[in-house]
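Everything on this sheet refers to the single structure shown next.
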Amino acid sequence: MSGRIAILIVDGYSPVTPETTADAIRYPWIDLCLREVTRRSVGSDYEVHIWDNAGLSEHRKVMEATDRVRIWPEEVSPESRLSHAAALDRLTAMTSDDVEYLVLLDTDAIPIADDWLGTLTSKLDDGAAIVGVWRDEMAPELTPFVHVSCLCIRREELLSSGVSFSGRGDSEPGQLLTRDLLRRKRPVVAMRRTNAVNAHFLLGGIYGDTVYHHGAGSRPAWFYASPSQAEDERMRLLLRQEAFSDFDHLVSVLRGQAANDIWPEAHDPGRVDDEAQHRSPFSDSDPAADPVMMAHYASGAELGRLQSRNALEFERSKVILAERLPVGGRLIDVGGGPGAYAAWFASRGYQVDLVDPVPLHVEAAREASRAGAQFGAHLGDARQLPFADAFADAVVMMGPLFHLVTPADRHQALSEAFRVLRPGGVIATSAMGRFFLFGHAVAQNAVSDPETLRRVMSITDTGDRPGDWGPFPAFAHRPGDLEDEVRSAGFDDVTVVAIESFFHLLGDIESRMADEASRSALFELLSRYETDPALLHLSGHLMAIAHRP
């Protein structure tokens, strides 16, 4: 962080009534916000610009008593009260040319980490165009974007974009700017929710372990993705009371560092069991997942699989994906399991949203996100994705086609991928090779049993593996059938490649993968001949890559 920082805050509340005015005086969010900004910004070169929409003498005294604060306008009048977006535009114009970074902050968005400004600006120094709170709770009704509750951008980046926060009346502040940056392929770093304990799906959020956003301030709660306005309001008041009585304790509870003595429920309603309660992003008519498959994965069978016995599949898939996916942008990892691929994509700069039907997987993915590069993780089904049309630059499906055993279900999943991709977007979907079980049965000398031989031949003929002959029902593709299914969903420019060919059958594959020379030679051979029909038909797993026209 080398340049001067201007922190822009709009102080106000709506609607203006005697009740809300009394509430704003009793619970002055501007006081809590400025106190923590001062506490957490020691050593940073910053100034604070506040647009005073409240016009309360009690708030003015707080602002005037805080170092490095400039207040606009000098006197509040009905004409000086602006919308939040218009006030941000005005504050931006008030900053001087020696300001390098702009940090936008809501009064109920409060820094919780020392050197929080350095954390934000370092992302810009590393090449990002913008970093901030990622609002994706309302998707697909509200397209995800960087929210002005905490947003950091270079002043020159904002001014040169020509985009204003108040550019369109029906947009949330920050939506237009995010959309413009993404359209121009400028890197966007999303600060996602990192709570260990949640009081509510939106209220009381911690983002990037850097800032707390209350989510309503002095405004009564009204959130359309919750089943009960009364419950929303109850939780807002509980969180507010704790914020003003012991803010550090509230943060410790939400981080999971202290016992939850704030709300009476013994469980955490924001964790996995709460996904069923807040269903707006995921339709109540979600297709039912196969119960045998769900039971298998609920046992934890997928946890760590790709990093151990299936490391060849994982590492080769990453090579193929790195070569064929667009660089950066929004990526949806459909059926992403516990997040092995999602974490890798996020580390490469993608804005990743993982969707998986297994609660254990989603929770494991969220833990992976908290531990490393951040990404979103949601309960959902490949056949009904919780995203708007043309939402993503890439869709990766590394598992769903195994489990969708009917042509209709596979077509529905591929059609959903087509829907959420922008024109020109890329899909990469893997499939089980038709001779996968054939090879395993022969390698294990199991086909000497006549009944086993009969069943292997039936699966090889039809692709259908019944649930009593494996951990779950599954379907295995021939290369040409996989290409046809992808094309039938509307995609073109389809290429099918062999992921690991027959090498997954080698009994010592793990030791070969551990030897750099052996691994390098193996990967060179696979890459050179990955589209050869012989390798394709023998491969344990296939991958189809295609574009949405």
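Just so you know, residue 1 is the first one in the sequence shown, and it goes up from there.
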How far apart are the closest heavy atoms of Leu325 and Ala428, and which atoms are they?
CD2-CB, 4.3 Å
Between His147 and Trp134, ring centroids under 6.0 Å:
no
Using a 3.5 Å distance criterion without hydrogens, assess whether the side chain of Ser369 forms a donor-acceptor pair with backbone atoms of Phe375.
yes
Does any part of the side chain of Val355, heavy atoms only, come nearer than 4.5 Å to the side chain of Asp333, both counted from C-beta?
no
Minimum heavy-atom distance between Ala6 and Thr95, given as atom pair plus value
CB-CG2, 3.8 Å
Out of Asp45, Asp125, Thr121, which one pairs with Tyr101 under the side-chain hydrogen bond (donor to acceptor under 3.5 Å, both in side chains) rule?
Asp125
Does Tyr27 have Arg240 sitting over its ring (NZ/CZ under 6.0 Å from centre, angle to axis within 45°)?
yes
Looking only at side-chain N and O atoms, does Asp353 offer a donor or acceptor that is under 3.5 Å from a partner on His378?
yes
How close do His249 and Ala259 get, heavy atom to heavy atom, and via which atoms?
CE1-O, 4.1 Å
More than 12 heavy atoms from other groups under 6.0 Å of CZ on Arg26
no
Go through it in stages, so that I can follow the logic: the residues are Asp180 and Arg184, the test is salt bridge (charged side-chain N to carboxylate O under 4.0 Å, His left out), and I'd like the CA-CA distance, side-chain angles, deciding distance and then a yes or no.
CA-CA 6 Å; Asp180 174 74; Arg184 294 191 286 115; 2.9 Å; yes
Determine, step by step, whether Arg4 and Glu47 satisfy the salt bridge (charged side-chain N to carboxylate O under 4.0 Å, His left out) criterion, reporting the C-alpha distance in whole Å, the side-chain angles of both residues, the deciding distance to 0.1 Å, and the verdict.
CA-CA 8 Å; Arg4 189 164 179 77; Glu47 60 193 32; 3.0 Å; yes
Check step by step if salt bridge (charged side-chain N to carboxylate O under 4.0 Å, His left out) holds for Arg255 and Asp209.
CA-CA 8 Å; Arg255 280 173 161 167; Asp209 206 34; 2.9 Å; yes
In the structure I gave you, are the side-chain heavy atoms of Ile110 and His213 within less than 4.5 Å of one another anywhere?
no
Any donor and acceptor pair, going by atom type alone, linking the side chain of Arg330 with main-chain N or O of Ala394 inside 3.5 Å?
no
Tell me, do Leu8 and Ile50 make a side-chain contact under 4.5 Å, heavy atoms counted?
no
So, for Ala129 and Leu181, which heavy atoms are closest and what is the spacing to 0.1 Å?
CB-CD2, 4.1 Å
Under 3.5 Å side-chain donor-acceptor pair for Ser166 and Asp89
yes
Before you tell me yes or no, could you show the steps for Asp52 and His59 under side chain to side chain donor-acceptor pair (under 3.5 Å), namely the whole-Å CA-CA distance, both residues' side-chain angles and the distance that decides it to 0.1 Å?
CA-CA 9 Å; Asp52 184 6; His59 287 199; over 6 Å; no
Taking side chain as C-beta onward, heavy atoms only, is Val426 less than 4.5 Å from Val395?
no
Return the CD1 to CZ distance between Ile153 and Arg186, rounded to the nearest 0.5 Å.
8.5 Å
Gap separating the OG1 atom of Thr210 from the CE atom of Met191, nearest 0.5 angstrom:
4.5 Å
So Asp248 and Arg39, salt bridge (charged side-chain N to carboxylate O under 4.0 Å, His left out) or not? Walk me through it.
CA-CA 12 Å; Asp248 285 347; Arg39 173 190 177 191; 3.0 Å; yes
Ile71 and Glu64: side chain to side chain contact (heavy atoms under 4.5 Å, CB included), yes or no, with the steps?
CA-CA 8 Å; Ile71 310 167; Glu64 292 168 352; 3.7 Å; yes
Are the side chain of Gln374 and the backbone N or O of Arg192 linked by a donor-acceptor pair below 3.5 Å?
yes
Can any side-chain N or O of Asp393 pair as donor or acceptor with the backbone N or O of Gly329 at less than 3.5 Å?
no
So, does Arg548 use its side chain to make a donor-acceptor pair with the main chain of Arg422 at under 3.5 Å?
no
Flag, side chain of Arg81 to backbone of Ala54, donor-acceptor distance under 3.5 Å:
yes
Quiz question: by atom type and distance under 3.5 Å, do the side chains of Thr17 and Thr20 form a donor-acceptor pair?
yes
Quick one: do the Tyr207 and Ser149 side chains pair a donor with an acceptor below 3.5 Å?
no
His214 and Asp108: side chain donor to acceptor below 3.5 Å
no
Can Arg383 and Glu416 be counted as an ion pair, charged N to O under 4.0 angstrom?
no
Backbone N or O of Thr92 within a donor-acceptor pair of the His49 side chain at under 3.5 Å?
no
Could you check, using the six-membered ring where one of them is a Trp, whether Tyr13 and Trp29 have ring centers closer than 6.0 angstrom?
no
For the backbone of Asn198 and the side chain of Asn195, can you confirm whether one donor and one acceptor N or O come within less than 3.5 Å of each other?
no
Under a 3.5 Å distance rule, please check whether Ser80 uses its side chain to pair with a backbone N or O of Pro73 as donor and acceptor.
no
Do side-chain atoms of Arg370 reach the backbone of Ala365 as a donor and acceptor pair under 3.5 angstrom?
no
